[in-house]
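Just so it is clear: chains get the letters A, B, ... in the order the sequence lines come, proteins before strands, and each one is counted from 1. Computed over heavy atoms, backbone and side chain alike; hydrogens, waters and symmetry mates excluded.
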2 protein chains.
Amino acid sequence: MARAASTKGNTRIQRQKTTQILDAALEVFSTYGFRGSTIDQIAAQAGLSKPNILYYFDGKEAIHGVLLDRLLHTWLEPLEHLGESENPVDEICAYVTRKLEMSRDYPRESRLFANEILQGAPNILAELQGPLKSLTDEKCRLIQSWIDAGEIAPLDPHHLIFSIWSTTQHYADFDVQVKAVLGASTTDRFETAQTHLDHLFRSMLTPRRTDGI
Amino acid sequence: MARAASTKGNTRIQRQKTTQILDAALEVFSTYGFRGSTIDQIAAQAGLSKPNILYYFDGKEAIHGVLLDRLLHTWLEPLEHLGESENPVDEICAYVTRKLEMSRDYPRESRLFANEILQGAPNILAELQGPLKSLTDEKCRLIQSWIDAGEIAPLDPHHLIFSIWSTTQHYADFDVQVKAVLGASTTDRFETAQTHLDHLFRSMLTPRRTDGI
DNA sequence: GTCTATACTGTGATAGAC
DNA sequence: GTCTATCACAGTATAGAC
């Protein structure tokens, strides 16, 4: 994977402009996808000239690559902290909450990731099969141990995680649809979603005496 | 919305080729997005020449428009049938199953839709705010009546629907990630998902005597 | 109706002045 | 280090032969 980042990060102004460009690129790439974005758009968004962008980065692909690199770190971080306290149900629900907060606070990152996966993950497939799979497998073993101890209801850990990812990221990736369907008064959609998702996963995770439903 | 479809559908061969082109375009658009796709790719996929494609459709956008039109009809159809039998919980779970089957059988349509929404729904925003919202609101009133009758647990109907859409479509839109994380033996992922999602929503929907969790 | 050849436009990237 | 001007190419679409 060509991940040729900007080699210019020495002076204060250089770091400032690099940040400025990456922020603009995140805005553009997350909205229009990689192919749908042009350097002109990024330049306009950043308030810089096109050649100036290309002075700081070795082309459009390089900017995209840097964004993806940073993204993966940010994205895996909440999952890494899963299981550091005691109560398993609360622990998983806290992870749900954290993921939903990320959809609210970093929707552009979520959409950048979604765009990449949707189109076959051409640039991060190796990371998915490597670091992401390792971390997920590790957390699935933890969840399985909670199941074996009877602390949460029996379920498939991998699919539980898929459900958490999909329901929370939906509020960032499909925000246009969410707002269209909710119509007026969408300002509290994240609060309502929080209550709903907490209820959803708590229902499923809480063990019951009568196992059969 | 420019929805200039092919006006050529009279002879047998014309209908055949139109279908052939639309199928090829669905394959390409769903994989690379609108901007990421070229007429060359569609032509190659369809086994036709580029000018031949443009003889049948008034440009790239027209093909995309026809696909989106057909998609919306297909996509809303399962939701329209929600509530035609008796048991509310089974009814909603059947809808979940139907949606999951669609992710399995029509992943390209799902990704085409996801691509469009993700990038702000430039071509179907009106349909989301109109037909989709109307239908969703109607079904939410139905769900609310089930809640009022105590037949399912109290919850937010809109967010329940969001959860159903996101969890089921995840298996089409994020299939690359699902397969990467599951690693080997991913052939039964839809069966496992089916069991998991049925359990997930059934847990949430089934009313309890003791209301507090 | 379908093809070959080609015009036109948008976009990524570079050269060279300042 | 940053800009203006420009190149080179890919991609949409059309003209005209057959």
Check the surroundings of atom OH in A/Y106: do more than 12 heavy atoms from other residues, nucleotides or ligands lie under 6.0 Å from it?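 Atom OH in A/Y106 is not crowded, with 12 or fewer foreign heavy atoms closer than 6.0 Å.
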Counting neighbours of OH on B/Y32 that are heavy atoms of other residues, nucleotides or ligands and sit closer than 6.0 Å, is the number greater than 12?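 Open.
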Within the structure, does a side-chain N or O atom of [X] lie under 4.0 Å from either OP1 or OP2 of [N]?
X: B/S49; N: C/dC3; answer: yes
X: A/T38; N: C/dT11; answer: no
X: A/N52; N: D/dC3; answer: yes
X: B/Y55; N: C/dC3; answer: no

Looking at [options], which one has an atom nearest to any side-chain atom of [X]?
X: B/Q14; options: C/dG1, D/dG1, C/dC3; answer: C/dG1
X: B/L54; options: C/dA5, D/dG1, D/dA13; answer: D/dA13
X: B/K17; options: C/dT2, C/dC3, D/dG11; answer: C/dT2
X: B/R35; options: D/dG11, C/dT11, D/dT14; answer: C/dT11

Spacing of [X] atom [atom1] relative to [N] atom [atom2], expressed in whole Å:
X: B/I42; N: D/dA10; atom1: CD1; atom2: P; answer: 18 Å
X: B/K60; N: D/dT12; atom1: NZ; atom2: P; answer: 5 Å
X: A/I21; N: D/dG1; atom1: CD1; atom2: P; answer: 13 Å
X: A/K50; N: D/dT2; atom1: NZ; atom2: P; answer: 18 Å
X: A/D58; N: C/dA13; atom1: CG; atom2: P; answer: 9 Å
X: A/Q16; N: D/dG1; atom1: CD; atom2: C1'; answer: 15 Å
X: A/I63; N: C/dA13; atom1: CD1; atom2: C1'; answer: 12 Å
X: B/I53; N: D/dT12; atom1: CD1; atom2: C1'; answer: 13 Å

Toward the 5' end of DNA chain D, by each residue's nearest nucleotide, B/D40 or A/P51: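 Result: A/P51.
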Does any part of the side chain of A/T167, heavy atoms only, come nearer than 4.5 Å to the side chain of A/F201, both counted from C-beta?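 SC-SC contact between A/F201 and A/T167 confirmed.
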Please verify the inter-ring angle class for A/H64 with A/F29; under 30° counts as parallel, over 60° as perpendicular, anything in between as tilted.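 Rings of A/H64 and A/F29: perpendicular, over 60°.
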Is the A/F162 ring parallel, tilted or perpendicular to the B/H170 ring (thresholds 30°, 60°)?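 Because their plane-to-plane angle lies in the 30° to 60° range, the rings of A/F162 and B/H170 count as tilted.
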Pick base, sugar-phosphate or nothing for A/I39, based on heavy-atom distances below 4.0 Å to the nucleic acid.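 Answer is sugar-phosphate: A/I39 comes under 4.0 Å of backbone atoms only.
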